[in-house]
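Worksheet: the structure to be examined is printed underneath.
Just so it is clear, the structure is predicted and the values come from calculations on it, not from any experiment.
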Amino acid sequence: MSDSSRPAEHRRDQILARLSDRGRLSVAEISQFCGVSEVTIRKDLDVLETQGLLMRVHGGAVLSGRGQIEQSFAAREHEGLEAKRRVAQAAAALIRSQQRIFLDASTTAFQIARLIKDHQELTVVTNGLYTALELAASQGITVIVAGGVVRHRSSSLVGGLNSDMIQRLRVDIGFFGARGVTAADGLTETDLGEAQLKHQMVRASQVVVGVADSSKFGQVHLNSFALPSEIDRMISDAAAPADVVAGLRAQDIVVELV
């Protein structure tokens, strides 16, 4: 296979994904599974090191701290990606310029961010690192990052703004992903710090919108950050279990399946 037969960007993504699984790889190993010369691989590794995604070591490479975080986020992002994109499109349709909104650190919220970058006079509060970075270059959007301690698994920030400051925030719409969605417990999270910040933002939101693909329905986790009585709308994909959907609707929650 010639070096030009595989796009460089795709090849470098493969290198990072394999490093995420293996921890460390030699130039010879990478050359073999990519099907290109070692000279080409060394150039790829130089580019990825310049980007801060890996570190060169004798004869090979290891992921950097940034690379590990990005690979973790990328893995979550690609789980049920098409469903997340449909949910994000429905959520983005609710957003208007000049509003104040909250986007959490979920990969669905990240998809929403990608769709609203051309809005004007929009203020976005978020605890998502990638969501903040995605919107940072948008001239018409003011980004406020809520949080301070980086959670590596979810690429989110928690614990930065104190409780009093967050309680005084006011947003028009809050969009919240969740690890679990049920008619009895509402939206639940596995991490206590994440759940506490989300709960504070639920209370700060005039309209609370849950955004979660159907795989989260029927699951219950450690902390409920939004009880059914606190949720105004739920957006999910068409595979959401009918009994959970009916239970949410019975509590006057608008459920939109896309």
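Side-chain contact between Ile144 and Val124 is absent, with no heavy atoms from C-beta onward closer than 4.5 Å. Residues Asp232 and Val209 form no side-chain contact, since every pair of their non-hydrogen atoms from C-beta on lies 4.5 Å or further apart. Residues Gln219 and Arg179 form no side-chain contact, since every pair of their non-hydrogen atoms from C-beta on lies 4.5 Å or further apart. Under the 4.5 Å side-chain criterion, counting only non-hydrogen atoms from C-beta, Val171 is not in contact with Ile101. In this structure, the side chains of Thr188 and Asn223 stay at 4.5 Å or more apart for every pair of heavy atoms. Side-chain contact between Val125 and Leu169: present, with at least one pair of heavy atoms (C-beta onward) separated by less than 4.5 Å. Side-chain contact between Asp118 and Ile116: absent, with no pair of heavy atoms (C-beta onward) separated by less than 4.5 Å. Using a 4.5 Å heavy-atom cutoff, the side chains of Glu121 and Ser97 are not in contact.
The heavy-atom pair separating Gly128 from Thr126 by the smallest distance is N-OG1, 2.9 Å. His58 approaches Arg24 most closely through the heavy-atom pair O-NH2, 3.5 Å. Contact detail for Met234 and Phe217: the closest heavy-atom pair is CG-CZ, 4.1 Å. Residue Ala240 comes nearest to Leu257 through the heavy atom pair CB-CD2, 3.9 Å, listed as atom of the first residue, atom of the second, then distance. Here the closest non-hydrogen pair linking Pro228 and Ala183 is CG-O, 3.2 Å. Across Gln99 and Leu94, no two heavy atoms sit closer than the pair OE1-O, 3.8 Å.
Salt-bridge check for Arg96 with Asp172: failed, with every basic side-chain N at 4.0 Å or more from each acidic carboxylate O. The pair Arg85-Glu82 meets the salt-bridge criterion, with a side-chain N (NZ, NE, NH1 or NH2) lying under 4.0 Å from an Asp/Glu carboxylate O. The pair Arg22-Glu29 counts as a salt bridge, with a side-chain nitrogen and a carboxylate oxygen less than 4.0 angstrom apart.
Distance alone, capped at 3.5 Å, is enough to place a donor-acceptor pair between the Ser224 side chain and the Asp185 backbone. Between the side chain of Thr123 and the main chain of Arg100, no donor-acceptor pair closer than 3.5 Å is present. Between the side chain of Arg249 and the main chain of Val255, a donor-acceptor pair closer than 3.5 Å is present. Within the 3.5 Å criterion, the main-chain N or O of Ala212 finds a donor-acceptor partner in the side chain of Ser236.
For Asp237, the side-chain contact (heavy atoms from CB on, under 4.5 Å) partners at least two apart in sequence or on another chain are Ala83, Arg86, Asp213, Ser214, Ala239.
Linking ILVMFWY side-chain heavy atoms closer than 4.5 Å, directly or via other members, places Ile95 and Val207 in a single hydrophobic cluster. In the hydrophobic clustering of this structure, Leu19 groups with Phe33; members are Ile, Leu, Val, Met, Phe, Trp, Tyr whose side-chain heavy atoms approach within less than 4.5 Å, directly or through other members.
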Could you walk me through whether Asn127 and Leu197 pass side-chain contact (heavy atoms from CB on, under 4.5 Å), step by step? CA-CA 9 Å; Asn127 69 317; Leu197 187 146; 4.0 Å; yes
Test side-chain contact (heavy atoms from CB on, under 4.5 Å) on Leu222 and Thr190; report intermediate values, then the result. CA-CA 5 Å; Leu222 176 66; Thr190 55; 5.6 Å; no
Using the rule given for side-chain contact (heavy atoms from CB on, under 4.5 Å), can you reason through Ile41 versus Cys34, listing the C-alpha separation, both sets of side-chain angles and the distance that settles it, and then say yes or no? CA-CA 9 Å; Ile41 293 304; Cys34 284; 4.2 Å; yes
Under the side-chain contact (heavy atoms from CB on, under 4.5 Å) rule, what do Leu45 and Ile30 come out as? Steps first, then yes or no, please. CA-CA 10 Å; Leu45 297 182; Ile30 301 171; 4.1 Å; yes
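Between Phe110 and Tyr130, the ring planes are perpendicular. Angles over 60° get that label, and only those under 30° would be called parallel.
Around the CD atom of Gln32, the shell of radius 6.0 Å holds no more than 12 heavy atoms that belong to other residues, nucleotides or ligands.
To the nearest 0.5 Å, atom CZ of residue Arg56 and atom CZ of residue Arg42 are 7.5 Å apart. The CZ atom of Arg233 lies 9.0 Å from the CD1 atom of Ile173; values are rounded to the nearest 0.5 Å. Here the straight-line distance linking atom CG of Leu192 with atom NE2 of His221 works out to 14.5 Å at 0.5 Å rounding. From Asp104, atom CG reaches atom CZ of Phe225 across 7.0 Å, with rounding to the nearest 0.5 Å.
Within the cation-pi definition used here (under 6.0 Å to the ring centroid, within 45° of the axis), Lys198 does not qualify as a partner of Phe176.
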